[in-house]
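For reference, positions follow the sequence shown, starting with 1. We count ligands from 1, going down the list as the structure has it; atoms in each ligand are counted the same way. These values consider heavy atoms only, across backbone and side chains, with no hydrogens, waters or symmetry-generated copies.
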Amino acid sequence: MAAEPDCLLKSVNSSASDPHQSVKIQPGPVKTHEKAVTSKSTDSARYQREHPPGESGRVLKPVNSRPSCPELTAPVKPGSGKVQQKTTTSSESARKKWTLEDFDIGRPLGKGKFGNVYLAREKSTKYVVALKVLFKSQLQKAGVEHQLRREIEIQSHLSHPHILRLFQYFQDKTRVYLVLEYAPKGELYKELMKNTRFDERRTATYMYQMTSALKYCHSKKVIHRDIKPENLLLGLTGDLKIADFGWSVHAPSSRRTTLCGTLDYLPPEMIEGKLHDEKVDIWSLGVLCYEFLVGKPPFEAESNADTYRRITKVDLQFPRHVSEPAKNLVSQLLKHDPNQRLSLDKVLEHPWIKENRLPSTS
Ligand code: AK6
C-alpha cells in the first residue's frame, strides 16, 4: 500500500521551502513496465522513439507502475534515505524533486474549475505528458483538498491500458501539478458529437475496453468510476482511456448535458438513496453503451424529476436501428435490481461484443 500523500497541500500558507514538499524522480528506463501491461503499448512505442537505446539519465516514470514497491508511490521525505532502485545513476537524480522547471509547456488541452491542463514535455527525456495545474487557493475554497488527496491515492494504485495514468504530482507555494498521461486523440464526447452516434463495431470495441478497465478497478475495490463520455479520452491508436474528473477539466458549459449528466448516469439504487456497491458501474456501462449507439443517454428528459422517474421505472426504449443483440446487452446491464445485472465477465463474453469488437490496438 502506498502512503497517503498527506503532505500534499500543507504548504499553502507556509514557506516555499516546506520540507514536506516531496516529489521524487524515478531513475532508470521507463519502458520495462509498459510491457507487463500490454505488448504494444503506445507509451512504450513513444518512449522508444524518443529515447534512443543507450541514453541514460532520469526518466519520468509512472507512480503506479510497480504496485509491489510502495516507495515508488509514497512521497519521499528529504533525508529519508536513498532511492531503492539499483539503476540509480547518481545521488543527485535520486534526490531531485520535480518542479515546473523540468517541463517545457505547450498548448492548453483544457480548462477546468481549479486550473488548466497543458501539453508538456519533460526536458531531459522529452517525454510528452499532460500537465494539470490546480490552484491551492481554489481547492481550499471549494474544500476539495481531501478529495484530491484521495483521487491521487486511488490513482497511484491503478495501472491499466484503458485508465489514464497519473505519473507524478508535485507542488509549489500556490499550485499542485498533476503529471498525467497525454491522450493524443482527445476527448471522446467530441467524437460522439461529431458522429452523432457510433456504429456497433466501434461501440462494442469501446465497451470491451471499458469493461476490462472496470473489471480491473473492481478487483482493486475501486468503484463508481464516473464513466460518462465526458470523462473518456482517446489514446494514439484511438483506444479508450478512463480519465476521471472530467468535471474539473471542462467548464460546465462545454456540453449541454453536463449539468444533468450526472443524473443521466445515476443508477436507481443511488437515486432511491439505498446502499450501493460496484454494480453501480455496471448500470453506468449500460447507459454508456446506449448513448454510444443512440447518441443520447436512455433516460434523458426535460426535467431532472422526469429523468429520475424514467430511471426508477427503467423506462427503456430503443430506436429501430439498434440491433437485437445490442439491445439484449444493454437491457441486461440496465436492470433495476443490481444483482440481476450482467457481470463484467459476462459482458466480455457477450456474443454481440465478441462478434463486433475490433482487435485491441493499445
Ligand atoms: C487532457 C488529453 C490528457 C489530461 C488520472 C482535482 C481533482 C479536486 C486525473 C483531478 C487525476 C486527477 C484529476 C484529473 C485527472 C483529468 C484530463 C483528465 O483533477 N482531480 C481537484 C479533486 C480531484 O487523471 N484527469 O483531468 S487531463 C489530458 C487531454 C485533452 C486532450 N488530450 N490528454
| field | Numbering as shown, the atoms of ligand 1 that approach A130 to under 4.0 Å (heavy-atom distance) | value | 3 (C), 4 (C), 28 (C)

| Residue G186 vicinity, atoms of ligand 1 by number, heavy atom under 4.0 Å | 31 (C), 32 (N)

| With a 4.5 Å heavy-atom cut-off, do K185 and L236 have their side chains touching? | no

| request: Name the option, out of V176, L148, V129, that contains the heavy atom nearest to atom 22 (C) of ligand 1. | output: L148

| task | Determine whether the side chain, the backbone, both or neither of A183 has a heavy atom under 4.0 Å from any heavy atom of ligand 1. | result | both

| field | Test item, K241 contacting ligand 1 (heavy atom, 4.0 angstrom) | value | no

| Is the count of non-hydrogen atoms from other residues, nucleotides or ligands lying under 6.0 Å from K215 atom NZ greater than 12? | no

| Does the side chain of L358 come within less than 4.5 Å of Y208's, by heavy atoms? | no

| said: Side chain, backbone, both or neither: which applies to E187 and ligand 1 if a contact is any heavy-atom pair less than 4.0 Å apart? | reply: neither

| Is the Y290 ring parallel, tilted or perpendicular to the F318 ring (thresholds 30°, 60°)? | tilted

| task | Under 4.0 Å, heavy atoms only, figure out whether ligand 1 is touched by the backbone of I152, its side chain, both or neither. | result | neither

| message | Under the salt bridge (Lys or Arg N to Asp or Glu O under 4.0 Å) test against E269, which residue among K279, R341, K274 passes? | response | R341

| request: Find all atoms of ligand 1 within a distance of less than 4.0 Å from any non-hydrogen atom belonging to E151, and give their numbers and elements. | output: 23 (C)

| message | Is it the case that over 12 heavy atoms from other parts of the model lie below 6.0 angstrom from the NZ atom of K123? | response | yes

| query | For L164, is at least one N or O under 3.5 Å away from an N or O on ligand 1? | reply | no

| request: Specify side chain, backbone, both or neither for L139, according to which of its non-hydrogen atoms lie closer than 4.0 Å to ligand 1. | output: side chain

| query | Would you say R357's side chain and Y206's backbone share a donor-acceptor pair under 3.5 angstrom? | reply | no

| said: Heavy atoms only: which of L233, I154, N116, V179 lies closest to atom 1 (C) of ligand 1? | reply: L233

| Sequence neighbours excluded, which residues qualify as side-chain contact (heavy atoms from CB on, under 4.5 Å) partners of F135? | S137, Q138, R175

| field | Contact (N/O only, under 3.5 Å) between Q147 and ligand 1 | value | no

| field | Proximity of Y118 and F103 rings by center, below 6.0 Å | value | no

| Taking the non-hydrogen atoms of Q155, is any one of them nearer than 4.0 angstrom to ligand 1? | yes

